[in-house]
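Throughout, a chain's letter reflects where its sequence line sits, starting with A, and its residues are numbered from 1. What you are looking at is a predicted structure, and each value in this text was computed from that prediction instead of being measured. The basis for the numbers below is simple: all heavy atoms, side chains too, and nothing from hydrogens, waters or symmetry mates.
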Number of protein chains: 2
Amino acid sequence: MSKKTTIYDLAKRLGISPATVSRSLNDHPSISGKTKKKVLEAAKETGYRINKFASNLSLQKSNTIGVIVPRLNSDFMSTVLSGIETIANNAGYNLVISQSLEQEEKEKFNTKTLFESGVDALLVSLANETMNYDHFSIFTDRKIPLLFFDRVIDLPNCPTIIIDNEAAGYQATEHLIQQGCKHIIHVSSGLNRSVYKLRYAGYRKALKENENNFRERVIQVDNFSPPEAKKVIDFIKTSVHPIDGIFVSSDSLAVYIIKELRSNGYQVPNDIKVVGFNNDPVAQVITPELSTIEYPGYKMGKLAGQSILSHLSGSINIETADQIILKHRLIIRESSQK
Amino acid sequence: MSKKTTIYDLAKRLGISPATVSRSLNDHPSISGKTKKKVLEAAKETGYRINKFASNLSLQKSNTIGVIVPRLNSDFMSTVLSGIETIANNAGYNLVISQSLEQEEKEKFNTKTLFESGVDALLVSLANETMNYDHFSIFTDRKIPLLFFDRVIDLPNCPTIIIDNEAAGYQATEHLIQQGCKHIIHVSSGLNRSVYKLRYAGYRKALKENENNFRERVIQVDNFSPPEAKKVIDFIKTSVHPIDGIFVSSDSLAVYIIKELRSNGYQVPNDIKVVGFNNDPVAQVITPELSTIEYPGYKMGKLAGQSILSHLSGSINIETADQIILKHRLIIRESSQK
DNA sequence: GTAATTTATGTAACCGGTTGCGTAATTGGT
DNA sequence: ACCAATTACGCAACCGGTTACATAAATTAC
């Protein structure tokens, strides 16, 4: 009971070889039915448990998938993770999850750690800070499946799962324009990450196309925490042109901006219209309810999991890098309607 | 570059034994400085990486901690996980995270999987469904550290980390009473989990002590998702006594109840006062802002991590089961003030 | 009834580190 | 220069499965 039994114990007990025990436990075709039964019974009786350490060493695989995310405690990320976990768990894979906390150094460290711990594949959503991608070469060099989701970078043979951020940014801005906004600002963070850069590009495109002399203006925040809302309000208060529209790259920040606007005497949506991003739960809790871009986190997670699993099972040619673009959707609520 | 080098390769290359290489890499005291240097250099040159599979097998430890949570995508849980991850990662441990989705079967399966995958310790927050705890005996039998947090159960030698839910429930209810509420209901889920049972007990205690003939009434919901709010509203609308106070075991549900109340013509807090639980971000986003119990998730995660690490390092006597009770705090906001 | 197959099991090497024990090499003391 | 005490390193077993290959047993074929 307290002592662990090995296949050698079982072999001795049954007077057969460890190889036969191993094959029986793995339901190998060349073992007779009765022997298998005997082994299974003995295994049950003795409380035998496979030693994955030994199995992993022998098979050179861990049935484990590594994940690196910027942070665990964001509604979007935890939803994606939930999707990944569901798929992975169902397929018998464990998930080793670590967070980079937006730091390049931590991301590097985690990449190395996960590599050494022998994950069979790695899923990554990049840190804002990360500018160099060499740390992923230990995976790509050895053809270990590597996939990026949401915060992606284009590396050879690495699938990516994203939404069309540029189109989303365009639609959000276009919507504000159609609602009559003349001076729309964009609030974003870390423009070196493509997600944000593309939303910004979409914003600019929409402004350009609508031959107004709107001046584009990005307020870059350090992160999407509540205090950053103040920076936006400060800008608005001191702006020469009266700001009447805000496209924020994050719902969580958007709601704080709305609160801050209201406490500064601005009416939303009358004075200023706001569109967020993500469709976080808070979007439907704030008054007025927040217009936003629906971002299919759970689906993204499931697809990321499925994609990497099919790579692992070899049913997809690893050399064929693919890109999956999920549908997003502009959800119009009160915060942006005239 | 593409071929992995082993300590045997290094040994051959340097004309020394694998044992010396191993000891050098582990900075063993009985190896001379020059040899160590030689080995380290050769390791760098050849791009040597330790094979954790082999190391784990030999050492019978994985530097991995398993975690089972009801679900990943809840603000509270992901915050706890973030705390655990920070501590674990810092100490060189990986985190294998899985979710039970509130199902006893999945919890059992995950427990078994994590055991077999050789985690050095297990952290668990129980599923609502779970009624039987035998599946944890594989851990307790073999003295593998097992710790419960938040949704706990008292098992021999298993530390727990919680808050004083009864006191919190008491305070929340008492506060409502002091604000003049005469008919307070409690909204909760799965009363077989101690967290919820204790909050309920606190609620009852507060009612009893205030010698009114308040009748206690629990509305039990299946989960804390938005649709469940309707059940609560239905009860309130058909109640003989006019309900004027609600203590909800979850902020996320509380905000939907408030929204639903408002759209049914009730004024919060004038007609009905509401207190939630958790201090989720939504609590400050809803209008009126939600009074709630602050629940220190990040700290809970960090403590869970630290506690289990000290068990692993042996600095705490494993036989001494401890219980850590974190401080909670009633945060009074608009939703409950007269 | 014997050879040709097919089926069932055993042998032994391998996966790549780790470590107790023994020995050779170096240092130190006098 | 000689013996003792350190110090540095090698040998070999071990961790527990997995699997190619060999071999023995059971079937089938003629």
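Rounded to whole Å, atom P of D/dG10 lies 10 Å from atom CG of B/Leu14. Here the C1' atom of nucleotide D/dT19 and the CG atom of A/Asn26 are 11 Å apart, to the nearest Å. What separates CG of A/Asn63 from P of D/dT18 is a distance of 12 Å, to the nearest Å. One can place NE2 of B/His28 at 14 Å from P of D/dG10, the figure rounded to the nearest angstrom. Counting to the nearest Å, the P atom of D/dT18 and the CZ atom of B/Phe53 are 13 Å from each other. Nucleotide D/dC9 holds its P atom 12 Å from the NZ atom of B/Lys37, rounded to whole Å. Remark: P of D/dT19 and CD1 of A/Ile31 are 13 Å apart, rounded to the nearest angstrom. Distance CD1 (B/Ile7) to P (C/dT18): 7 Å, rounded to an integer number of Å.
Position along DNA chain C of the nearest nucleotide to B/Arg49 versus A/Ile16 favours A/Ile16 as the more 5'-ward residue.
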Is there any protein nitrogen or oxygen under 3.5 Å from a nitrogen or oxygen in nucleotides 12-15 of chain C, and what are the pairs?
residue: C/dC15; atom: O3'; partner: A/Gln60; partner atom: NE2; Å: 3.3

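The side-chain contact (heavy atoms from CB on, under 4.5 Å) check on A/Leu101 picks up A/Arg71, A/Gln99, A/Gln103, A/Lys106, with sequence neighbours excluded.
Residues B/Thr130 and B/Glu104 bring no donor and acceptor atom of their side chains to less than 3.5 Å of each other. A/Ser17 and A/Thr20 form a side-chain donor-acceptor contact under 3.5 Å, judged by distance and modelled atom types alone.
Helix bend of the helix from C/dT5-D/dA26 to C/dT30-D/dA1: the angle between its two end axes, each built from five pairs, comes to 40° after rounding to 10°.
Proximity of a side-chain donor or acceptor of B/Ser98 to a complementary backbone N or O of B/Ile68 within less than 3.5 Å is not detected.
Taking all atoms of both residues into account, the shortest heavy-atom contact from B/Ser24 to B/Ile31 is OG-CG2, 3.4 Å.
Between B/Ser17 and the phosphate of D/dG10, there is a side-chain N or O to OP1/OP2 separation shorter than 4.0 Å. Taking side-chain N and O atoms only, A/Asn56 has no distance below 4.0 Å to OP1 or OP2 of D/dG17. For C/dT9, the OP1/OP2 oxygens have a side-chain nitrogen or oxygen of A/Thr35 closer than 4.0 Å. For D/dT18, one of the phosphate oxygens OP1 or OP2 lies less than 4.0 angstrom from a side-chain nitrogen or oxygen of A/Ser55.
For C/dG20, the base has a donor-acceptor partner in the side chain of B/Arg23 [N/O atoms by modelled type, under 3.5 angstrom].
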Item to check | Derivation of the side chain to side chain contact (heavy atoms under 4.5 Å, CB included) call for B/Asn89 and A/Asn110 | outcome: CA-CA 8 Å; B/Asn89 194 291; A/Asn110 290 339; 2.8 Å; yes
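Between A/Arg151 and A/Glu102, at least one side-chain N (NZ, or NE/NH1/NH2) sits under 4.0 Å from a carboxylate O, which counts as a salt bridge. Of the charged side-chain nitrogens involved, none lies within less than 4.0 Å of a carboxylate oxygen, so that B/Glu85 and B/Lys302 do not count as a salt-bridged pair. Classification of B/Arg49 and A/Glu116 as a salt-bridged pair holds, one side-chain N sitting under 4.0 Å from a carboxylate O.
Counting non-hydrogen atoms under 4.0 angstrom, B/Ser22 reaches a base of the nucleic acid. Contact annotation for A/Ser30: base contact, defined as any heavy-atom pair under 4.0 Å involving a base atom.
Between B/Tyr298 and B/Phe76, the ring centre distance reaches or exceeds 6.0 Å.
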